[in-house]
There are 4 protein chains.
Amino acid sequence: MEPGERRAQILEAAAELFGTKGYHSTSISDIIAKAGIARGTFYLYFENKRAIFEELLDQLMKGIVARIRRVVLGASQPSAKEQMLANIHAVVELLSQRRSLLAILLEGAVGLDVGFNEKLASFYEQAIAMVERSLRLGKTMHLVRDLDTRVAALMAVGALKEILHDALRRGEEAPDARMLAEQALDILSRGLLVEGAQVS
Amino acid sequence: MEPGERRAQILEAAAELFGTKGYHSTSISDIIAKAGIARGTFYLYFENKRAIFEELLDQLMKGIVARIRRVVLGASQPSAKEQMLANIHAVVELLSQRRSLLAILLEGAVGLDVGFNEKLASFYEQAIAMVERSLRLGKTMHLVRDLDTRVAALMAVGALKEILHDALRRGEEAPDARMLAEQALDILSRGLLVEGAQVS
Amino acid sequence: MEPGERRAQILEAAAELFGTKGYHSTSISDIIAKAGIARGTFYLYFENKRAIFEELLDQLMKGIVARIRRVVLGASQPSAKEQMLANIHAVVELLSQRRSLLAILLEGAVGLDVGFNEKLASFYEQAIAMVERSLRLGKTMHLVRDLDTRVAALMAVGALKEILHDALRRGEEAPDARMLAEQALDILSRGLLVEGAQVS
Amino acid sequence: MEPGERRAQILEAAAELFGTKGYHSTSISDIIAKAGIARGTFYLYFENKRAIFEELLDQLMKGIVARIRRVVLGASQPSAKEQMLANIHAVVELLSQRRSLLAILLEGAVGLDVGFNEKLASFYEQAIAMVERSLRLGKTMHLVRDLDTRVAALMAVGALKEILHDALRRGEEAPDARMLAEQALDILSRGLLVEGAQVS
DNA sequence: TATGAATGAGTCTTCATTCAT
DNA sequence: TATGAATGAAGACTCATTCAT
């Protein structure tokens with residue numbers, strides 16, 4: 001077996017186990033059993049348990065980042081809505097292929113050593129910052145209301161995480177990804193209330 | 001020392017440690033060192049490590065549930081907005097007092113045995129269901145738009161979680177709780193976009 | 001409660017537990033729960049766990065020794081057989097009253113620290129020595145055959161222990177004590193074989 | 001070191017310790033120290049302390065059973081006495097090689113969890129049953145007297161146990177195995193008394 | 001005398017990691 | 001590269017014993 005292939009095989013096994021049982025409950029024994037390799041072989045490809053988890057996390061985060069395109073407005077571009085939908089959809093699709101890793105990301109299948117939590121936090125911080133930049137841009141273009149963009153970005157990311165999490169929990173029963181994305185975008189855009197309704 | 005007091009002292013130490021280091025990285029040795037008691041004493045008050053964590057989790061969940069009042073509409077009532085703000089504020093306040101427990105709830109300072117994750121999940125499910133009921137009610141009253149209440153509830157809870165999480169991470173630098181609550185409610189109500197704006 | 005009475009109450013509880021569950025599986029907690037006293041109270045009456053077990057063992061051994069009468073031959077005496085039967089019977093009776101202690105003696109409900117085994121061993125050694133003396137006497141009187149009295153004594157004691165052990169295991173279903181004693185004595189006296197039979 | 005060899009080495013160490021100090025007083029630390037291995041290595045070969053003890057017990061019991069041949073009468077056979085002697089001798093020899101295990105068997109170096117005592121009891125029950133069958137056969141052949149075979153079997157086994165136990169205690173000073181076996185068989189056969197002697 | 005909260009040494013067991021083959 | 005036996009630090013939990021009240 002080619003070395004790259006073997007590495008992938010181990011990563012694959014680990015991803016599934018970490019996603020299912022969490023980091024701590026997954027032992028090296030579990031991983032090597034699932035990968036069908038010997039104990040020592042594992043350490044030929046990864047420095048330690050922490051390293052393989054970290055690599056998986058990185059892989060996922062990079063995958064997400066790579067799939068997101070900045071929204072660009074212009075006559076020759078798809079509409080902003082289309083672009084945003086495309087972004088959401090791309091992420092959802094990636095995660096649906098790597099279901100086990102999603103759990104790590106969302107449930108923080110962690111509780112691990114401080115370092116990991118920081119890494120996760122910084123990833124979300126990036127996502128939030130990206131959304132916030134878009135909102136600020138929207139504001140200058142008078143598309144986005146005059147609101148606290150930081151808070152708004154947090155809420156947007158949080159809302160999407162929760163939807164993804166729910167879809168993960170539901171598995172096959174989850175609603176169609178595209179429809180979900182459209183609904184979410186609509187609610188984020190226009191809010192929950194009937195236009196002109198007064199709740200104050 | 002009074003027995004109830006000793007229990008509280010141990011719970012206190014454990015909460016802080018679990019919140020900071022997570023469940024797995026917190027050992028009984030850590031807890032008793034922080035609480036300043038002997039090893040055996042711990043087991044006088046708690047059956048095992050799992051039990052004290054569970055008690056902490058329950059305590060927090062019950063605290064939150066106890067602080068939330070159902071929104072009631074009527075001439076003699078505060079406005080719906082006031083009531084919702086009061087709810088959000090009450091929860092935020094509780095959590096700011098029990099900062100360490102908040103981490104458990106939000107970061108799922110967990111990755112623990114399956115049981116705990118289920119417990120957490122069921123708690124959130126309750127919260128989501130509660131919000132969804134409110135949204136459905138609002139719909140019949142023509143306050144809430146015609147939208148998928150499940151998705152909307154998920155988003156509302158997710159958005160609030162993320163705001164809380166951010167406030168936790170920021171510590172003292174976090175914005176004022178009341179102001180946050182108002183902004184969040186406004187964004188949820190009216191959405192991100194300028195009224196009448198077209199992004200499609 | 002009178003101090004002697006309280007002591008007896010604790011001994012009683014301990015005897016039953018040691019006999020049933022063995023020395024190691026019986027905890028101080030078990031004993032005080034059964035005796036209905038507080039933890040500290042136990043140590044008011046006994047120095048430690050070892051001490052109460054030792055006392056129980058001593059009590060039993062002394063009881064047995066006290067009940068055995070040396071066989072004396074003479075015109076004005078009951079027959080030797082009667083005297084031996086009386087001895088066996090006395091022991092059986094004592095043990096049937098203190099069933100739980102019997103288990104300690106026979107099963108060596110022990111496996112404990114070396115000291116106890118030595119104590120048990122020395123008790124049996126005494127019993128064997130006593131029997132051996134009787135056999136030697138019998139030999140000089142031409143009642144007992146010309147055999148190795150040490151081996152014979154060992155066998156007699158071993159045979160009786162096994163019968164008692166069996167009676168203990170059987171509980172209520174065990175045969176009548178007197179009948180058992182008679183049969184045992186008969187077999188010891190005349191052996192298993194038909195007189196004159198040749199197995200060689 | 002070959003895997004089987006390592007296992008044997010651990011069993012060896014454990015047997016000696018269990019035999020000397022008893023089950024409870026023997027810790028895993030004792031065993032690994034004596035075997036000269038690391039803590040984890042022990043658990044590579046045995047599931048837990050109980051498992052290694054059980055294996056030792058089984059090994060011994062099976063060894064004994066395997067060495068015993070049913071007594072068969074017939075012209076072409078060695079005499080019954082020879083066969084019985086051979087049985088006794090075979091057992092004694094096995095036990096003299098595995099001195100430490102003998103202690104477990106005889107002193108019930110136990111006092112352990114109920115399960116073990118039951119195992120021991122059932123082993124002895126088998127032995128007794130085997131002897132009883134032989135006695136019944138002897139009765140039909142008019143070799144054995146008209147006596148309660150159950151009681152007689154108990155006595156025979158008890159007598160032999162005690163002799164073995166004594167030999168164990170004495171160590172090197174114990175009489176020669178063959179001579180012991182002959183004496184025991186003689187006493188069992190013909191009893192203690194001079195033929196025709198009246199003790200009644 | 002009586003109590004029972006507190007103690008801490010000691011036990012079993014797990015598991016990430018190493019290293020000789 | 002691949003193996004898997006060996007390692008030992010670290011963890012959870014027990015329980016006989018003490019001592020202030």
Side-chain angles (χ1 to χ4, degrees), chain A residues 1-3 6-7 10 23-33 35-53, chain B residues 1-3 5-7 10 24-32 35-52, chain C residues 1-3 6-7 23-33 35-53, chain D residues 1-7 10 24-32 35-52:
Chain A
M1 182 173 293
E2 196 195 312
R6 166 110 340 163
R7 243 186 103 80
I10 303 175
Y23 178 80
H24 277 106
S25 302
T26 299
S27 67
I28 299 290
S29 293
D30 291 335
I31 297 174
I32 64 176
I37 58 169
R39 194 163 290 270
T41 308
F42 175 88
Y43 287 91
L44 246 36
Y45 292 91
F46 300 93
E47 200 176 344
N48 51 34
K49 186 179 168 184
R50 201 188 157 85
I52 193 174
F53 185 78
Chain B
M1 180 173 292
E2 200 193 308
E5 211 177 323
R6 172 67 34 121
R7 238 187 108 81
I10 303 175
H24 277 106
S25 303
T26 299
S27 70
I28 299 290
S29 293
D30 291 336
I31 297 175
I32 64 176
I37 58 169
R39 195 162 291 275
T41 307
F42 175 88
Y43 289 94
L44 237 42
Y45 292 92
F46 301 94
E47 205 176 340
N48 51 35
K49 186 178 163 184
R50 201 190 158 85
I52 193 174
Chain C
M1 181 174 290
E2 198 195 311
R6 163 102 353 151
R7 245 187 100 81
Y23 178 79
H24 276 104
S25 302
T26 299
S27 67
I28 300 291
S29 292
D30 290 336
I31 298 175
I32 64 175
I37 58 169
R39 195 162 289 271
T41 308
F42 175 87
Y43 288 91
L44 244 37
Y45 291 92
F46 300 94
E47 201 175 344
N48 51 36
K49 186 179 168 184
R50 202 188 157 86
I52 193 174
F53 185 79
Chain D
M1 181 173 290
E2 200 192 309
E5 209 176 325
R6 170 66 39 117
R7 238 187 107 80
I10 302 175
H24 277 106
S25 302
T26 299
S27 69
I28 300 289
S29 293
D30 291 335
I31 297 175
I32 64 176
I37 58 169
R39 195 161 288 275
T41 307
F42 175 87
Y43 289 93
L44 237 41
Y45 292 91
F46 301 94
E47 205 174 342
N48 49 37
K49 187 178 161 184
R50 202 188 158 86
I52 193 174

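Here is how names work: the chains are called A, B, and so on, in the same order as the sequence lines, proteins then strands, and each is numbered from 1. It should be emphasised that the depicted structure is a prediction, and the values quoted were computed from it without experimental measurement. Quick note: numbers below take in every heavy atom, side chains included, and nothing from hydrogens, waters or symmetry partners.
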Go nucleotide by nucleotide along DNA chain E from the 5' end; which of Thr26(A) and Gly36(C) gets its closest nucleotide reached first? Gly36(C)
Figure out the CZ/C1' separation between Arg7(D) and dA6(F), and round it to whole Å. 16 Å
Can you check the Lys49(A) NZ to dC15(E) C1' distance for me, whole Å? 9 Å
Among dA16(E), dT14(E), dT3(E), which nucleotide sits nearest the side chain of Tyr43(A)? dA16(E)
Can you find a pair of side-chain heavy atoms, one from Ile52(D) and one from Phe42(D), that are under 4.5 Å apart? yes
Separation of dG11(F) C1' from His24(B) NE2 (nearest whole Å): 11 Å
With both distances kept under 3.5 Å, what pairs with dG11(F), Watson-Crick or G-U wobble? dC12(E)
Round to a whole Å and report the spacing from CZ of Arg6(A) to P of dA2(F). 5 Å
What nucleotide, of dA12(F), dT3(E), dT1(E), holds the atom closest to the side chain of Ala38(C)? dT3(E)
Could you state the CD1-C1' distance from Ile28(D) to dG8(F), rounded to the nearest angstrom? 15 Å
Atom-pair distance (CG on Asn48(B); C1' on dT14(F)), nearest Å: 13 Å
Measure from CG on Leu44(D) to P on dC15(E) and round the result to the nearest Å. 13 Å
Taking atom P of dT17(E) as reference, at what distance in whole Å does atom CZ of Arg50(A) sit? 11 Å
Taking atom CD1 of Ile28(B) and atom NZ of Lys49(B), what is their separation to the nearest 0.5 Å? 6.5 Å
How long is the gap from CD1 on Ile37(D) to CG on Leu44(D), to the nearest 0.5 Å? 9.0 Å
Between Ile37(D) and Phe42(C), name the one whose nearest nucleotide on DNA chain F is closer to the 5' end. Ile37(D)
Of the nucleotides dT3(F), dA9(F), dG4(E), which one has an atom closest to the side chain of Arg39(D)? dA9(F)
Respond yes when some side-chain nitrogen or oxygen of Tyr45(A) is under 4.0 Å from OP1 or OP2 of dT1(F), and no when none is. no
Give none if dA20(F) has no partner; otherwise give the nucleotide forming a Watson-Crick or G-U wobble pair with it, both distances under 3.5 Å. dT3(E)
Can you name the closest pair of heavy atoms from Ala35(A) and Ile10(A) and give their distance? CB-CA, 4.3 Å
Just to be sure I understand the rule, does Thr41(D) reach a base, reach only the sugar-phosphate, or reach nothing, if contact means heavy atoms closer than 4.0 Å? base
